[in-house]
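Letters go in sequence order (proteins before strands), and every chain restarts at 1.
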Amino acid sequence: MSEMTKKMQEIAREILVKGEAEVVIGWEKGTFWYLSPPAFIDKPEDVQRLVWDDFCHNNLSKYLVDLKNHEGKAAVFVKGCDSRAFNRLLQDKQIAREKVVLIGIPCPGLLDQDKAKELGKNSDLPKAQKCLDCQYPNPLVYDYYLGDKEALNEVAATKEAADYSDVAAIEAMSPDERYDFWTKQYDRCIRCYACRNVCPACSCRECVFDQTRVGWIGKANNSSENQFFALTRAMHVAGRCIECGECERACPMDIPIMLLNKKLVKDINELFGEYDAGIDIEGKLPLGHFDKNDPEEFM
Amino acid sequence: MMKTILKAKLPEMLEQLAKEYKVLVPAKLEGVSRFAAYRENLELALDENVTMPPKDIFFPQTEEMYKFAAKDQSLEIEEIPQDEKLQVIFGVRSCDMKSIDCLDQVFLTKGFSDPFYQDKRDRSILIALSCVKPMESCFCTSMGIDPQKGQGADIQAYDLGEKLAFEGITERGQEVLNKVSGMFAEEDAAIPPMGEFNLTANVEGVPEKLKNMFDHSIWDDISRKCLNCSACAYVCPTCHCFDIASEVRGEDGVKIRCWDCCMFDEYTVMAGGHQPRPGKKERVRNRFLHKLRYFPERYNMLLCTGCGRCVVKCPVNLDITNVIKKIKEA
């Protein structure tokens, strides 16, 4: 058992015994060695299920949306990305701060599950792309903090500036090439909505894609409806996407969804100034306030 | 004696068949493995089962049922012509062969015959392909399936490593083999033994036990991490729920039927807005009760073939073998 897993279990036990929270949300081992899905722990005797390893991918802040109308408190383990998601939900008033106990975990970057499956145990596995792109491996908000802060500040300090070369490659395409590229990607979308449902930025009480009677989107699976879904989803999480990459990991059809999200992050940076969602909860939201100097070339 | 062919010569054989039939094969296409119409240079996917099951060949995700036009007081209905060509579907694994049996039960028995499904089913000649090495997510034997014998196949193909062997089962299957008989060698071939399974599930007594478990606390526990997406249902070879909708533009419209999933809000919401399955617990419970209790009650078979697709694709690893284990232990 790793040192961090031991610490997780200890703090979870303490929180449950003291009654600081009714449930602790963490990760546990799944069906295969490279899966560490979410775990809900209610009883101190169950804390030994909790684990911290290279595959704790799920962004647990998503589950706090489920607990919005619940009485009582929940404790949740947060990596850097989970904490950004938490902050962003807080800004949207989706969660009450006092109802959540946050346990911060410094994240060294997780490993690529698909590669793990392909290459097997004991092989040299690459980090997940979303983790290579991550600028904030350390939790930004927490009530408890597990691990060595100094060591992780070093990790954070070595982070290079955000890399948008993948987005630039798409931007460099001609409109026809680009249309062709995205048509191919989204023609295989099965509209299972795993990307939406796993996303901590998707917190609408009623999603536009579920209002089928209104007719925003048809039920048919075809290029037109799928692209409408793709674009609307991406635009709707713009300014709220904290780049945890869960949408892309969850996609059963391996659609490069983060390319769309990153394009919007890049656009927001260029149009409204540098902005990373879920970092500064006091700061103004680029798409959530009006500024006379905002660009309006389209008007 | 079996009819054998080198795997390297398989494209040639498929090419030959494609002159006569529509030929569907497991292929890697735009990043996903699925059944696709055979064409030259198509990348075949024969090492592992395909990500998308053959379900959509018979029951497409979106199917146009008929067109209509409403002018003044009159209504015109226009049927949509169906493809009439026979289709040969090559490389269906035993789990997916069983799933076609499940779909047949729903769409063709108990006094109902779904014309859209029946048409495609009647035009299909199925070539099952035996497995040699299970994927780590496979558990078909736990579901009573023989991974080397596809139930309901017209032709059974066996994976011999370098070669494939073919055995005609039905008359229609034999006819297909006759078209390419010149390509085969006749030889005694030993079918390699099946490898060890990594995943198992013990379903004995589960449908009966579930009769008294509707209100069991197990569903709270199982459903908590579920995201209520439909990744499991849409990659499932047996999930068959659908919704019928109209797409209307001006005076013209088309009736379509599309896959639906019991995880979605709209699936159960009723006229007036009442939602009998409001949350994760009710929806997840319905999913597993349907697979493990209601379907066995109605059709005397489980609605799970152990293909393991949902185990692989669920974003939160809600694993049906684990659910079965929890039911047994409850």
Quick one: do [X] and [Y] make a salt bridge, cutoff under 4.0 Å?
X: B:Lys120; Y: B:Asp83; result: no
X: B:Asp319; Y: B:Lys325; result: no
X: B:Asp96; Y: B:Arg309; result: yes
X: B:Asp114; Y: B:Arg257; result: yes
X: B:Glu282; Y: B:Arg277; result: no
X: A:Lys219; Y: B:Glu266; result: yes
X: A:Lys115; Y: A:Glu118; result: yes

Using non-hydrogen atoms only, which part of [X] is less than 4.5 Å away from chain A: side chain, backbone, both, or neither?
X: B:Glu136; result: both
X: B:Arg34; result: side chain
X: B:Asn322; result: neither
X: B:Glu30; result: both
X: B:Asp221; result: neither
X: B:Cys229; result: both
X: B:Met263; result: neither
X: B:Ser137; result: both
X: B:Leu29; result: neither

Portion of [X] that has a non-hydrogen atom of chain B nearer than 4.5 angstrom:
X: A:Val65; value: neither
X: A:Tyr193; value: both
X: A:Tyr34; value: side chain
X: A:Leu35; value: side chain
X: A:Asp187; value: neither
X: A:Asp42; value: side chain

Worksheet item: Given A:Thr31 and B:Leu199, is the side-chain contact (heavy atoms from CB on, under 4.5 Å) satisfied, shown in steps?
Response: CA-CA 9 Å; A:Thr31 310; B:Leu199 217 53; 3.6 Å; yes
Discussion item. Can you confirm if the NZ or CZ of B:Lys55 lies within 45° of the ring axis of B:Trp259 and under 6.0 Å from the centre of its six-membered ring?
Written reply: yes
Side chains of [Y] and [X]: any donor to acceptor distance under 3.5 Å?
X: A:Asp112; Y: A:Gln129; answer: no
X: B:Ser246; Y: B:Lys255; answer: yes
X: B:Thr238; Y: B:Ser99; answer: no
X: A:Asp82; Y: A:Ser61; answer: no

As an exercise: rank [options] by heavy-atom pairs under 4.5 Å with chain B and give me the winner.
options: A:His57, A:Lys62, A:Gln185, A:Arg191; result: A:Arg191
options: A:Val198, A:Ile25, A:Ile190; result: A:Ile190
options: A:Gly215, A:Ser36, A:Pro38; result: A:Pro38
options: A:Gln113, A:Lys117, A:Gln211; result: A:Lys117

Discussion item. Quick check: closest heavy atoms across A:Cys189 and A:Asn221, and the distance to 0.1 Å?
Written reply: O-ND2, 2.9 Å
Worksheet entry | pair B:Phe264-B:Val269: side-chain heavy atoms closer than 4.5 Å | no
Given the options [options], which has more heavy-atom pairs under 4.5 Å with chain A than any of the others?
options: B:Asn317, B:Thr62, B:Ile256; value: B:Asn317
options: B:Arg224, B:Lys313, B:Glu247; value: B:Arg224
options: B:Ala233, B:Cys258, B:Pro60; value: B:Cys258

Practice prompt. Could you please state which residues from residues 246-263 of chain A sit under 4.5 angstrom from chain B, measuring non-hydrogen atom to non-hydrogen atom, sorted by number, or 'none'?
Written response: A:Arg249, A:Ala250, A:Pro252, A:Met253, A:Asp254
Worksheet item: Is it true that a side-chain atom of A:Asp53 and a backbone atom of A:Phe55 form a donor plus acceptor pair closer than 3.5 Å?
Response: yes
Worksheet item: Do B:Ser33 side-chain atoms and B:Lys28 backbone N/O form a donor-acceptor pair below 3.5 Å?
Response: no
